[in-house]
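Chain identifiers are assigned alphabetically (A, B, ...) following the order of the sequence lines, protein sequences preceding nucleic acid strands; residue numbering begins at 1 within each chain. Both backbone and side-chain heavy atoms feed into the values below; hydrogens, waters and symmetry mates do not. Predicted model, so just to flag it, every value in this text is computed and none were measured.
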Amino acid sequence: MARAYDVQAIEQKWQRRWADSGLYEVDLDDPRPVQYVLCMYPYPSGAAHQGHVRNYTFGDLLVRHRTMRGFAVLSPFGFDSFGLPAENAAIRTGEHPRVFTEARIAELKASVQRLGVAVDWRREIRSHDPSYIRFNQVIFLRLLRSGLAYRAEAPVNWCPGCQTVLANEQVLADGTCERSGDPVVQRDLEQWFFRTTAYTDELLEALDGLDWPERVKTMQRNWIGRSEGVEFDLPVVGAGDDVVLRVFTTRPDTSFGMTYAVVAPEHPLVELLTTGAQRAEVEALRTTAAAKSELDRTSEEGTETLAKRGAFTGGYVVNPFNGEQIPVFVADYVLMRYGTGAIMAVPAEDHRDWEFARAHGLPVVRTTKPPEGFDDGAWTGDGVKVNSGFLDGLEVAEAKDRAAAWLEERGIGTRTVNYRLRDWLVSRQRYWGCPIPVVYCPDHGIVGVPEDQLPVLAPDDVEFLPTGESPLARHPGFRHTTCPTCGGPAQRETDTMDTFVDSSWYFLRFCDPADEAEPFSPAAAAHYMPVDEYIGGIEHAILHLLYARFYTRALVDVGLAPGVGREPFLRLFTQGMIRMDGKKMSKSKGNLVSPARYFDSVGADALRLSHLFAGPPADDMDWTEQTDQMIDGCGRFLDRVWRFAVPEGADPHRRREGDPAPDDVALSRATHRLVAKVSDDIERWSFNTAVAACMEFANTLRDYRRAHDQEGVHGPTDAAAVDALLLVLAPMAPHVTAEAWERRHGEGSVLHAQPWPSFDPDLARQERVTLVVQVDGKVRDRIEVDPDISEEDAVKAALASPRVVEELAGAAPRRVVARAPRLVNVVR
RNA sequence: GCCCGAGUGAGGGAACCGGUAGACCUGAUGGCCUCAAAAGCCAUUGCCCGAAAGGGCGUGCGGGUUCGAAUCCCGCCUCGGGCACCA
């Protein structure tokens with residue numbers, strides 16, 4: 001495609017110019033009001049792909065736009081550089097993860113710079129840098145000291161073949177190890193945790209005040225999974241007065257309908273409940289349950305398996321509501337870690353209980369009257385209570401409350417809240433991550449490495465073997481150390497932190513990236529935080545965003561971030577993903593379309609513009625055969641803009657001065673409308689229509705110039721139109737607009753240092769608007785009217801329309817609806 | 001199964017509060033320019049009837065509310081995403 005200007009030379013020139021001028025560098029003493037615009041820092045997987053381009057195009061638009069609006073915009077960039085892919089590559093090729101990772105960072109950084117993104121590169125951080133590791137570890141130790149980090153036994157995925165713990169991602173869907181193919185089992189091992197559950201309620205409640213997509217907030221709410229209910233005791237038959245089975249339910253109103261109870265295989269009362277005759281069956285069930293991972297336990301379905309997954313213990317408990325004895329089953333679908341590890345079963349009002357009761361031939365007693373015509377299955381909806389003693393006749397909500405109060409009065413139950421959210425397991429048996437700075441001393445137990453000895457760095461002289469075991473665990477020099485307290489021989493922790501820890505505070509480090517004394521100065525963090533616009537993929541809706549919210553609170557509470565707000569991200573924008581052939585475009589799917597070829601052909605401006613123009617930023621975008629043509633179209637548009645702004649050779653348009661003629665005023669009005677429209681569209685993230693408005697304006701400008709070919713265009717009006725177009729396009733296609741501006745206004749005039757254009761609302765209003773005249777809701781005429789036309793005059797004009805006169809044929813209209821100046825509807 | 005989100009020309013999309021459906025772009029067709037091509041420029045482009053003027057239909061499907069529905073309500077269908085034994 002032949003272009004109107006030298007794309008490569010101009011883009012290179014301005015990228016250098018922006019970097020050299022420090023236009024986008026901000027400091028604490030900057031007098032301008034602050035904005036913090038941040039794109040989620042990327043895992044460096046190599047050169048940028050289209051997802052990055054889309055992300056950074058949106059972010060850069062905001063950075064440049066807000067800078068022009070007079071803000072000091074903090075726009076940092078960094079790399080989430082620890083992670084599994086580098087270590088897997090090391091195992092495959094023997095190349096050290098650092099070498100591998102830094103090469104990928106160089107590639108990604110080069111392509112981000114080639115995109116022309118405005119970044120304060122002085123603030124670049126990489127999570128594998130020793131300074132970042134150091135403060136990661138400082139924070140860990142502070143959390144440890146305050147009890148927010150702790151070590152405990154937890155069920156983990158264990159591969160017997162590899163003799164190691166696996167991450168969930170390394171367990172295949174069929175429950176086998178991705179490397180050895182052995183079935184993965186659950187094992188209890190000591191692991192490190194962060195106490196996210198200390199903030200459960202706050203994390204849930206504070207969601208209401210966030211300017212985030214409702215979808216993301218809902219996902220977080222579901223993930224936290226708050227459920228209110230009641231815990232109460234069922235006395236165990238024949239086991240003495242104080243032996244009780246405690247159950248949790250959200251439906252205490254259905255208690256009269258419980259016809260059996262179920263306990264988890266690991267439940268401590270299983271031994272006691274199981275009778276001799278049932279022992280073999282119960283033991284068999286417990287053994288298979290223990291061998292299964294939770295994934296297995298939760299993936300089976302159907303009545304047949306339900307029958308096999310539960311066994312009668314032979315024991316009975318008493319329903320305190322009606323004194324009836326009910327059998328106790330053990331089943332693997334009841335989870336020990338949730339609630340009390342035991343449930344009451346009400347088959348009439350719970351789907352799973354219904355299925356289980358059918359499989360085991362257990363009775364069903366309805367306690368909520370189902371609606372007419374509903375006769376089969378569990379009814380979980382509202383209704384009037386029946387068969388429920390003192391609850392009879394009440395509605396479900398009221399009955400829940402009464403039943404709970406009844407239990408509390410008798411001292412056999414309490415209202416409780418259960419959550420799905422668990423503490424965050426942060427230890428990884430991995431090399432390429434931040435070492436956990438802890439030592440195990442035979443005499444002093446867990447001892448944190450003193451802060452002045454940080455960072456604890458992983459040694460480089462390790463072997464990467466395909467055993468699945470971390471090289472750190474096999475490195476005697478790293479492993480054997482001395483106790484910081486007593487100096488005696490001790491063992492170093494060889495686990496590293498989950499990489500989500502790194503990404504949970506990098507936005508704070510960006511505020512003060514060179515600080516050698518502390519993770520960040522609280523004053524600097526308070527100055528820039530919270531992030532005003534956080535932009536990234538929807539795939540981070542739960543984990544990263546929840547962890548970062550937790551971590552920010554924890555940092556405030558342990559005293560590292562006084563004065564910083566508890567919510568890190570004021571506004572969140574989740575861009576849609578790019579799909580190709582119906583699949584997400586990603587490296588692992590092998591369907592990447594590299595931005596590099598567009599940089600080399602149409603240039604960064606055209607590629608950026610096409611991402612903005614393709615559709616709403618939040619929507620998914622399909623990359624098809626037509627996408628290339630669309631990108632070319634954006635290049636053609638930029639060529640037109642260039643030719644408008646920088647005429648080649650002699651200016652083909654004669655220019656006149658003096659008073660503007662009506663046509664000139666019309667162009668001036670269109671210019672004000674353009675500025676108004678683009679300003680508004682950018683505020684509401686409607687970038688695609690902002691681009692469309694620019695294209696429409698270019699058509700208007702073309703028509704104006706063509707119409708005045710003979711007598712000449714009005715110089716000042718024409719120049720103002722072109723300048724306005726360059727200014728509003730400046731955040732979208734920064735290079736070509738910057739060059740065109742400089743050629744028009746002379747060396748030293750920097751487009752992106754100009755203030756964002758203002759507009760006159762009076763001029764931006766349409767001079768004439770189209771009044772639509774309908775008869776019975778069908779369009780019959782269009783009349784050009786003054787935008788201030790009164791309703792009365794609008795009706796008068798409509799009724800005078802020949803088309804309306806014809807339709808009415810002399811009859812009086814039954815009704816006339818007027819919405820001046822847009823519409824009059826004549827109803828016959 | 002439950003909870004979200006989305007369905008508009010040949011394609012991407014626009015219509016922000018219920019008021020001209022299809023802005024803008026891509027593609028396609030025809031034309032101008034050219035020795036030719038590229039680039040550029042011009043015109044047409046939802047479907048049907050009609051020579052035209054004009055008319056009818058049309059926003060996944062079926063109903064409803066309204067003077068008026070892509071937009072609101074009810075019931076379906078399809079696609080995408082999240083959660084998925086959480087008691």
Whole angstroms only, please: what is the [atom1]-[atom2] distance between [X] and [N]?
X	N	atom1	atom2	result
Arg636(A)	C24(B)	CZ	P	16 Å
Asp781(A)	A53(B)	CG	P	16 Å
Gln626(A)	U26(B)	CD	P	11 Å
Leu823(A)	C17(B)	CG	P	18 Å
Arg705(A)	C41(B)	CZ	C1'	16 Å
Gln774(A)	A69(B)	CD	C1'	12 Å
Asp622(A)	G81(B)	CG	P	12 Å
Ile538(A)	G80(B)	CD1	P	17 Å

Determine the Euclidean distance between corresponding [atom1] atoms of [M] and [N]; express it in Å to zero decimal places.
N	M	atom1	answer
C42(B)	C24(B)	P	13 Å
G31(B)	C57(B)	C1'	32 Å
A84(B)	G60(B)	P	33 Å

Sub-4.5 Å side-chain heavy-atom contact between Ile631(A) and Asp628(A) | yes
Going by heavy atoms in the side chains, are Ser388(A) and Asp253(A) under 4.5 Å from each other?
-> no
Counter-base of G75(B), judged by Watson-Crick or G-U geometry with both distances under 3.5 Å = C61(B)
State the pairing partner of U34(B); accept Watson-Crick or G-U wobble contacts with both distances under 3.5 Å, and report none otherwise.
-> none
Think Asn688(A) has a side-chain N or O under 4.0 angstrom from the OP1 or OP2 of A14(B)?
-> yes
Looking only at side-chain N and O atoms, does Arg420(A) come under 4.0 Å of OP1 or OP2 in A84(B)?
-> yes
Closest to the 5' end of RNA chain B, once Thr340(A) and Asp619(A) are matched to their nearest nucleotides, is Asp619(A)
Val772(A) or Ile343(A), whichever maps to the more 5' nucleotide of RNA chain B | Val772(A)
Is the Lys NZ or Arg CZ of Arg571(A) less than 6.0 Å from the centre of Trp212(A)'s six-membered ring, within 45° of the axis?
-> no
Mind checking whether Phe687(A) and Trp685(A) have ring centres under 6.0 Å apart?
-> yes
